[in-house]
Amino acid sequence: MTATQVDPTTGEATVQSYQMRIGDQWLDAADGRRFETVNPFTGQAWASVPDAGAADVDLAVQAATAAMAGEWGSCTGFDRARHMRRLADILERDAEQLSVLESTDNGKLIRETSGQAKALPEWLRYFAGIADKLQGEVIPAQNPDFLIYTRHEPVGVVAAIVPWNSPLSLLMWKFAPLLAAGCTLVVKPSEYTPVTALELAKRVEEAGLPAGVFNVVTGQSAELGAALVGHPGVRQVAFTGSPNVGIKVAQGAAAHLARTTLELGGKSAQVVFPDADLDAAVNGVIAGIFAASGQTCVAGSRLVVHEDVRDALVERLVARADTIMLGDPLDVASEMGPLANPAQLKTVTGFVERAVHDGASIACGGTTDAALGGLFYRPTIVTDVRWDMEIAQDEIFGPVLSVLTFSTEEDAIRIANSTRFGLGAGVWTNDVRRAHRVAHQLRAGNVWVNAYRMVAPNVPFGGSGYSGWGRESGVDAVREYTDTKAIWVDMIGNTRDPFKLN
Ligand code: NAD
């Protein structure tokens, strides 16, 4: 499953070699191809994983299908809950190790990945609590001769496709509810961060979940994801990623009528009213955009601020942004790590350059970090931004905040709702009436009032418009992975007119 290559001259471990988990086996790709994943902080390859293709996808879907028909398919909700709690205990034990692996693979701060790793058991335990309560209902019948009831049955094999920014968390947001529902999974992690899904597979095996419940295919081609989405054995695709790929995923799944949940990008607004607690707003706006170097779907990338407090707020944001400590993601003192890959750095740089060309001004940042270089981009605040500029409309997925100004509440709502996205929003005000009024009118699946970027296993998360459809987390997330069956039982046995309904 994992083998560490050792440098014969120094005796030091170099690149760790992984295999994929398919059914009850640890396998290389059918054609033997592999690729390496790079640590964004060091720029060095640190792990080698199989570069799977369509044949491997087919094998994984077969394994997941066999598990549905086998031991896992006959588990009760109580059995599934037991399996899930055992896995939760193992993940709790290994949280620290998993967070180091995650930070090594995607360059995210250990501060953040350790919190995310500690939350994995919480998601499993929350949904384990639902697995044994997934009950149908008895429906009062118009015809008293009938008993009518419903069952919530698993949809079958689910394909999960996840991005690189929070690989384990976003996988668990799918895995925990689909386990509760009784489904099986084939996951394709991002080509930039394939390792932690394979590490999770080791722990799923240790927890004793039946073979084929959790399968992983790793690969670097877009064709791999497309092959998984288009596989006729897949009944549902749970996708997290960009809108452009999300559209392709929805089309590929629709071609064989598989269901989809799409968690896509965002261009979330932080709306600050003049009566807000500005100290709290500074923290919330900074955390919303610069945590995770802006590489989070709910990044509060647009500051929509009232004209009366604009200058004061921007001044304080710039002062704080300039003191953000960039550094090694594994150092707990670091406040911002590198961008996750060179393509991402190019994207961020391009957005900022085009904004300046279009008339925007840089209040701070706007360059790579002179001392650290590499993939480190300075926390950047851009002013003189109009609502319809590219920088205010498109997702950057980097540490770049655009400042927009409003004068009335109506303006604020109009500007906040002026993109194609609908994922997150923050409202900063001390007026309780305004807080609710504005929260109701913002087009976003998640609104935080005097807070930002909070998630929990029992709270639904998702978006609308270009931010996708479906909800993860919360009680109803399990229903995303079930079909409701209605069962009609004739309790009398009277012969009825065969040509008349009921
Ligand atoms: P991406 O869309 O480029 O890739 C996501 C995944 O899709 C990767 O595993 C990739 O290999 C795979 N993929 C690529 N082409 C494919 C195809 N044709 N068919 C099937 N799969 C394919 O996204 P990314 O750059 O990895 O991640 C950043 C994006 O993810 C941002 O837009 C961000 O907002 C979004 N995101 C959303 C959420 C959310 O919950 N809403 C959370 C995190 C990230």
Side-chain angles (χ1 to χ4, degrees), residues 35 37 49 51-52 54 57 105-106 108 112 116 159-174 186-194 196-197 216-231 234 237-255 258 260-268 289 291-301 339-348 351 394-398 419-424 444-446 453 455 459-473 477:
F35 70 103
T37 174
V49 300
D51 191 4
V57 164
D105 219 11
N106 74 353
K108 213 171 191 184
E112 175 147 347
Q116 288 183 324
I161 298 187
V162 288
W164 43 263
N165 65 319
S166 293
L168 262 185
S169 301
L170 297 172
L171 170 52
M172 188 54 77
W173 288 15
K174 299 161 179 49
V186 179
V187 57
K188 191 211 82 65
S190 165
E191 53 278 29
Y192 294 110
T193 52
T196 45
V216 189
V217 287
T218 52
Q220 55 183 347
S221 73
E223 288 74 42
L224 178 65
L228 179 56
V229 169
H231 194 292
V234 167
V237 182
F239 175 79
T240 302
S242 62
N244 288 345
V245 176
I247 290 167
K248 288 185 197 158
V249 165
Q251 289 168 339
T260 47
T261 51
L262 301 176
E263 294 286 354
L264 309 179
K267 192 73 194 173
S268 303
I289 183 63
S293 307
Q295 300 173 126
T296 159
C297 54
V298 291
S301 52
L339 296 174
N341 53 66
Q344 200 53 30
L345 177 62
K346 197 165 162 224
T347 303
V348 173
F351 266 104
D394 290 348
E395 184 181 44
I396 303 174
F397 222 57
T419 74
R420 301 175 293 177
F421 296 99
L423 191 57
N446 316 274
R453 201 170 166 246
V455 291
V459 181
F461 180 90
S464 60
Y466 261 56
S467 297
W469 56 61
R471 290 292 179 269
E472 298 192 310
S473 304

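Values in this document were obtained by computation on a predicted structure and should not be read as measured data. FYI, the numbering just counts along the sequence from 1. Whatever order the structure lists ligands and atoms in, that order sets their numbers, starting from 1.
At least one heavy atom of Ala226 lies less than 4.0 angstrom from ligand 1. No heavy atom of Trp173 sits closer than 4.0 Å to any atom of ligand 1. Ligand 1 lies less than 4.0 angstrom from a heavy atom belonging to Phe239.
Within the listing of ligand 1, atoms 5 (C), 36 (N), 37 (C), 38 (C), 39 (C), 40 (O), 42 (C), 43 (C), 44 (C) sit less than 4.0 angstrom from a heavy atom of Thr240. Taking a cut-off of under 4.0 Å to the non-hydrogen atoms of Val162, the atoms of ligand 1 that pass are 6 (C), 8 (C), 9 (O). Atoms of ligand 1 lying under 4.0 Å from any heavy atom of Glu395, numbered from 1 in the order shown and given with element: 31 (C), 32 (O), 33 (C), 34 (O). Those atoms of ligand 1 that come under 4.0 Å of a heavy atom in Leu264, given as number and element, are 34 (O), 37 (C), 38 (C), 39 (C), 41 (N). Of all atoms in ligand 1, listed by their number and element, those nearer than 4.0 Å to a heavy atom of Phe461 are 40 (O). The Leu423 neighbourhood of ligand 1 comprises atoms 41 (N), with distances under 4.0 Å to a heavy atom of that residue. Distances below 4.0 Å separate heavy atoms of Val249 from the following atoms of ligand 1: 20 (C). Per-residue contacts place Asn165 under 4.0 angstrom from the following atoms of ligand 1 (heavy atoms of the residue considered): 43 (C), 44 (C).
Under the side chain to side chain donor-acceptor pair (under 3.5 Å) criterion, Thr240 pairs with Lys174, not counting sequence neighbours.
By the 4.5 Å heavy-atom criterion applied to side chains, Ile247 and Leu264 are not counted as neighbours. Thr419 is not listed as a side-chain neighbour of Tyr466, based on a closest heavy-atom distance of 4.5 Å or more. Looking only at side-chain heavy atoms (C-beta outward), Pro194 and Gln220 stay at 4.5 Å or farther from each other. Residues Val234 and Val186 are not in side-chain contact: their nearest non-hydrogen atoms beyond the backbone lie 4.5 Å or more apart. Residues Asn106 and Pro167 form a side-chain contact, since some pair of their non-hydrogen atoms from C-beta on lies under 4.5 Å apart. Within the 4.5 Å cutoff, side-chain heavy atoms of Trp173 are placed close to those of Ser473. For the pair Thr196/Pro189, no side-chain contact is recorded, criterion being any heavy-atom separation below 4.5 Å from C-beta on.
Protein non-hydrogen atoms do not reach within 4.0 Å of atom 4 (O) of ligand 1.
Relative to atom 42 (C) of ligand 1, the option among Ala227, Ala222, Cys297 with the closest non-hydrogen atom is Cys297. Across the listed options Gly462, Pro163, Ser242, Ser242 owns the non-hydrogen atom lying nearest to atom 1 (P) of ligand 1.
Atom CG in Leu423 sits 13.0 Å away from atom NZ in Lys267 (nearest 0.5 Å).
When only non-hydrogen protein atoms are considered, atom 16 (C) of ligand 1 lies nearest to Val245 CG1, 3.4 Å. Shortest contact from atom 25 (O) of ligand 1 to any protein heavy atom: Trp164 NE1, 3.1 Å. Of all protein heavy atoms, the one lying nearest to atom 20 (C) of ligand 1 is Gly225 C, 3.4 Å. When only non-hydrogen protein atoms are considered, atom 10 (C) of ligand 1 lies nearest to Glu191 OE1, 3.6 Å. Counting only heavy atoms of the protein, atom 12 (C) of ligand 1 lies nearest to Ile161 CG2, 3.6 Å. Here the protein heavy atom with the shortest distance to atom 35 (C) of ligand 1 is Gly241 O, 3.2 Å.
Heavy atoms of Phe397 found under 4.0 angstrom from ligand 1 belong exclusively to the side chain. Residue contacts with ligand 1, taken as heavy atom pairs separated by less than 4.0 Å, do not involve Thr296 at all.
Scanning all heavy atoms of the two residues, the minimum distance from Ala477 to Glu472 falls at CB-C, 4.0 Å. Contact between Val217 and Leu224 at its shortest, heavy atoms only, is O-CD2, 4.3 Å. Minimum interatomic distance between Val229 and Gly252 (heavy atoms only, all atoms of both residues): CG1-C, 3.6 Å. Considering all non-hydrogen atoms of both residues, Arg453 and Ala292 come closest at NH2-CB, 3.9 Å.
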Go through Thr260 and Trp469 one step at a time and tell me if the side-chain contact (heavy atoms from CB on, under 4.5 Å) criterion holds. CA-CA 8 Å; Thr260 47; Trp469 56 61; 3.2 Å; yes

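Considering both main-chain and side-chain atoms, Lys248 never comes within under 3.5 Å of ligand 1 through any nitrogen or oxygen pair.
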